[in-house]
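Quick caveat, the model's predicted, so the values are computed rather than measured.
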Amino acid sequence: MNKIPESLNEALQYLKEGTYDVLAGGTDIMLKNRGYAEAPVPFKKNMLYIFNLDELRYIATHDEHIAIGAVTSYASMLRHPDVPDILKRSIRQIAGPALRHVATLAGNIGNASPSADGVLVLYLLDARIILASADGEREVPIEDVITGPGKHTIRPEEMIKEIRLPRRTFSNTFFKKVGARKADAISKTSLAGAARLHDNVVEELRIAIGAVNVTVVRDRSIEASFKGLTLEDLKARVDEVAAAYDSLIRPIDDQRSNARYRKQVSFNLIEAFIRQL
Amino acid sequence: MAEVTFTLNGEEVTVDKPLNMRFLDVLRTTLDLTGAKEGCGEGECGACAVLLDGRIVDTCILPLASVAGRDIVTIEGYRTTERFQVLQNAFVKEGAVQCGICIPGMIIAAESLLSENPDPSDDAIRTALSGNLCRCTGYNMIIAAIRRAAKEGEGLW
Amino acid sequence: MKNISKSIDKVDAHEKIAGETAYISDIKREDMVYAMTLRSPVASGTIRNITLPTLPEGYAAVGPEDIPGRNLVTMIYEDWPVFPEKRVNYIGEPLMLLLGPDKERLASLLDAVEVDIEEDTPVLDYSHSGVHLHYEKGDSDKAFADADRIIEETYTTGYQEQAYIEPQGFVGYIEDETYTVIGSIQCPYYVHEAVKVTLDETDENVRVLQAPVGGAFGGKEEFPSVMATQLAVALKKIKRPIKMIYEREEDMVSTTKRHPSKTTIRAAVKDGRITGMTSHIGIDGGAYIGLSEVVLSRGMLAATNAYTIEHLDVDGDVYLTNTVPNGAFRGFGAPQMIYAIEMFMHHAAKELGEDPFSFRKAHMVKQGDWTSTGGKFRDPILLDEMIEKAADISDYHKKRKAYEDENVYKGIGMSWFFHGCGFTGSGEQHIIKSRVEVEKDAQDTVYIHVAAVDMGQGPKTTLRKIVADVLDLPIERVIFDYPDTHRVPDSGPTVASRTAMIVGGLLARAAKTLKETWREGEAQKVEKRYQQPDYVEWDGECMKGDAYPAYSWGVNVVEVEVDKHTYEIDVKDVYSVYDLGKAIDERIVLGQADGGQAQGVAYGYLEVMSRENGRLKQTNMTDYIIPTAMDMPKTDNHLIDNPYPYGPYGAKGGGELTLVGGAPAVAQAIEQAVGRRVRDIPATPEYLMELIHNG
């Protein structure tokens with residue numbers, strides 16, 4: 001049976017006792033299961049509808065991190081002062097206003113698309129996902145939650161409860177989504193970058209690239225290899241930075257773009273990010 | 001089937017339909033409110049838009065379950081307001097309506113914008129309309145209409 | 001007389017804004033069933049067997065064996081079956097209908113149908129010509145023999161989907177033993193004829209009503225006849241009201257689109273001027289010819305656009321492929337050809353080391369010149385003035401120079417173009433034979449009886465305005481209901497930019513007669529029939545003479561900026577100047593300008609529809625990209641009066657004109673921004689990347 005739980009505990013109890021797909025804003029899962037007008041949506045499993053679970057609708061600022069509840073809409077994240085600017089920049093490019101009023105980060109994570117713009121920034125920010133079950137909670141880095149297109153490690157008895165964004169300051173951030181039009185488009189490719197500089201030396205460099213592999217690309221060892229360089233040295237070696245990602249950028253041809261374009265643009269964006277530091 | 005209760009155009013209603021019905025179909029078929037239209041069926045075009053707690057949402061990708069306890073205003077409810085009169089007049093005067101199928105959704109988008117930002121720039125209007133597709137107008141006359149409504153309806157929002 | 005161009009409130013706007021207008025999907029009938037369509041999963045094959053599941057009580061299947069009359073949809077060229085009997089020719093081709101009261105149940109029955117088709121190799125390239133057309137003027141062989149230089153280029157254009165926001169739909173029912181269909185359509189009498197022939201019924205036993213149309217753009221010209229005949233066959237079999245509304249995806253997969261094309265132009269150049277030209281345009285017709293021959297012909301007739309070329313040889317082919325049939329879309333073959341010739345003239349100038357603007361202007365058509373088919377441009381041509389105006393408002397010349405700097409990644413492009421008004425050649429006289437009626441009742445209320453459809457372009461307002469103005473009555477006293485073939489004569493289809501000029505012209509004449517014979521408090525009726533202007537001479541066989549009675553003209557300027565990292569195209573500004581004779585309502589025409597340009601410009605750079613092995617890759621509004629409010633820039637559109645003696649108040653055609661120049665203008669702008677020649681549209685970021693990296 002489909003359920004509308006009144007509380008998180010009730011939701012977790014259902015998940016313990018039965019098999020459900022969880023629907024938050026529903027903007028992804030409604031499409032994936034689309035049937036015909038004037039007929040119920042042919043979902044493959046029973047559904048747990050949590051859109052109105054108000055206890056998961058929050059943004060809370062803690063010393064070390066920002067906590068975002070699972071059914072918090074993108075639109076409310078845009079209005080909150082503590083949500084990192086780079087995440088807001090990505091959210092502004094997700095679909096249109098109507099979708100942003102209901103769509104959630106948690107839903108995008110559960111959908112596990114490598115081209116989801118909000119999720120890209122979660123990789124960049126080292127987000128951690130709180131997965132809750134009737135037996136307790138676990139905190140998992142975003143890259144360990146999503147394993148491939150539509151694939152994730154969330155157990156059947158678990159649901160996403162919260163997204164935690166560590167509070168970090170960067171000297172410079174970069175976000176570019178490449179869609180087929182200026183709004184209301186799915187990414188052909190996208191890149192988020194962040195850097196921390198001290199006395200002209202690169203202390204930290206982060207790069208996340210979307211829609212060019214089965215999951216968002218983020219490689220800490222490549223990032224570490226450019227640590228400690230002066231800004232001038234880094235810029236002089238910009239081609240090396242791009243080349244380091246060569247084997248990770250393995251896009252496909254599809255109805256939205258082609259692999260050659262995605263690869264070339266990813267390199268160009270890496271370059272653009274480094275050059276504007 | 002399950003009973004879902006929500007506020008619709010100011011009145012509490014309960015419908016007994018499968019939770020996985022698209023809310024658009026509940027409005028159009030069960031409740032006979034056909035002002036929200038189906039254009040794309042996947043949340044791209046905005047022809048099916050209504051206000052949920054005062055904000056624009058697309059009902060073709062909203063399951064009935066999600067409106068439980070929420071406040072819904074459709075074009076049928078909104079058209080009884082003074083704000084609507086101002087928008088309607090502005091849309092007529094600026095020639096913003098061609099085939100008209102997208103227009104109720106555009107009105108909902110305009111209300112959602114103006115209630116948050118009563119004096120929007122052209123860019124803000126374009127952003128607010130970016131999830132509502134129109135194939136007839138090229139949008140400029142719709143943008144002019146919203147600009148005009150904001151001016152003529154000063155104080156209403 | 002007051003100025004007819006002064007805008008009034010559109011008569012149907014208030015109720016549309018309020019959501020009160022009942023479009024086709026808003027209509028319900030008592031005891032109604034739904035129709036769903038079983039479609040071919042393969043591009044080419046022979047049906048061996050279709051096995052249906054057991055149908056519950058109240059459910060039915062309808063296929064080719066149920067057709068009482070002829071199993072061909074009546075349209076200009078008749079090769080399109082209502083339901084195929086043996087051969088299937090494209091993915092998505094309708095094989096049969098399933099009908100029943102519950103959508104969920106119907107969907108599961110549809111899933112349970114087993115379709116056994118022996119698949120064979122589809123034709124997907126330009127190899128099978130279904131129609132070949134040719135015309136010539138002068139002696140192009142000699143021009144080429146005498147040339148000091150020959151320039152040749154090839155251009156391609158992609159599909160374009162109409163992407164009306166309201167999918168196709170019909171409701172059908174039997175009333176007073178009459179088969180009645182109401183639909184989102186452009187041409188009530190096309191549907192009427194097609195249903196009549198398919199059902200083998202009399203004129204009186206078939207009735208077609210127009211529902212308010214939620215966008216059409218040509219997409220609801222011939223395709224609705226296919227859908228309506230299927231529905232009518234089902235109606236005759238099950239005798240219950242039926243509702244048939246396409247889902248967006250099935251609409252995109254199975255309805256007509258703008259033909260992809262490939263055009264090769266060769267020019268003979270002598271002393272720096274083009275003296276002769278040969279062109280070949282090939283369009284992809286899809287699986288059935290349908291309207292494609294007429295689309296091809298309009299394209300070919302635009303072979304020299306607004307240029308005078310003395311010696312000319314033009315060939316064209318409709319190629320048949322195992323893909324969804326293509327058909328009418330605003331512009332009707334002209335956008336493909338005008339794109340090609342505008343780019344060609346621009347490129348030819350560059351080849352010759354001449355300034356493209358001056359080179360093009362030196363070849364520009366003037367009043368009194370021969371047309372491409374040896375007809376005559378009789379009326380004043382104001383292009384000089386219009387180009388000057390467009391250049392002035394856009395600051396074209398200064399920007400063109402500034403953007404030559406290869407580091408700026410900006411560009412500006414200008415196109416100029418015509419559109420022939422009304423049906424080609426003697427089509428109005430010999431095929432359409434348009435009739436209109438103006439009637440008045442004893443209360444002196446006046447009724448317009450025409451089959452012209454308001455699909456947003458405004459005839460509900462403009463036709464009333466014409467009649468009211470002639471009769472000097474307030475517009476409220478002139479009624480124009482949605483067309484109903486039981487009430488209105490056949491004033492022709494709502495296509496070819498003919499409604500204001502032809503239907504409006506006939507109505508103005510009818511109203512004038514009514515005024516002259518007006519008898520207070522008495523019922524009266526006036527009928528008028530189309531009469532071709534005496535000067536029009538057209539030989540359809542040889543494509544010689546006056547292809548159109550009149551031409552509308554336009555100039556578009558488009559400015560872009562290209563992102564050097566992502567090759568994304570940002571359309572900055574659009575400027576335009578149009579001569580469509582006289583605007584019957586200025587704001588309505590400016591609305592056509594804004595919307596037509598959006599479609600035309602997007603055709604050039606944004607809208608991608610492609611296919612792989614006969615299967616379309618973009619089949620929904622998420623993947624088929626049309627502009628949003630953020631993509632389309634502000635525009636600066638101007639109209640210039642140039643009244644046409646045979647049009648009402650001087651009006652010519654306007655609906656299509658505003659689309660045809662968008663693509664070459666944006667493509668020229670992009671070409672300047674990236675410093676590479678653009679030959680193929682849509683000029684997407686992917687294409688620009690290849691141009692930049694590989695020349």
Mind listing the closest non-hydrogen atom pair of A:Ala39 and C:Lys103 along with its distance? CB-CB, 3.9 Å

In terms of heavy-atom pairs under 4.5 Å with chain A, which of C:Thr622, C:Leu616, C:Thr628, C:Asp631 leads? C:Asp631

Salt-bridge test for C:Glu686 and A:Lys188: reply yes if a basic N is under 4.0 Å from a carboxylate O, no otherwise. yes

Find the one option among C:Glu612, C:Glu104, C:Lys564 whose heavy-atom pairs under 4.5 Å with chain A are most numerous. C:Glu104

Where on A:Arg260 is there a heavy atom nearer than 4.5 Å to chain C: the side chain, the backbone, both, or neither? both

Just by modelled atom types, is the A:Tyr36 backbone N or O under 3.5 Å from a matching donor or acceptor in the C:Glu247 side chain? no

Could you tell me whether A:Lys176 and C:Glu568 make a salt bridge, using a distance below 4.0 angstrom between a side-chain N and a carboxylate O? yes

Side-chain donor-acceptor contact under 3.5 Å, A:Gln255 with C:Asp623: yes

Are A:Glu38 and C:Tyr34 linked by a side-chain donor-acceptor pair shorter than 3.5 Å? yes

Shortest non-hydrogen contact between A:Arg181 and C:Ile625, atoms and distance: CD-CG2, 3.6 Å

Winner by heavy-atom pair count (cut-off under 4.5 Å) against chain C, out of A:Asn258, A:Asp184, A:Thr189: A:Asn258

Within-4.5 Å side-chain heavy-atom neighbours: C:Leu688 and A:Tyr261: no

Under a 4.0 Å N-O cut-off, is there an ion pair linking A:Asp254 with C:Lys617? no

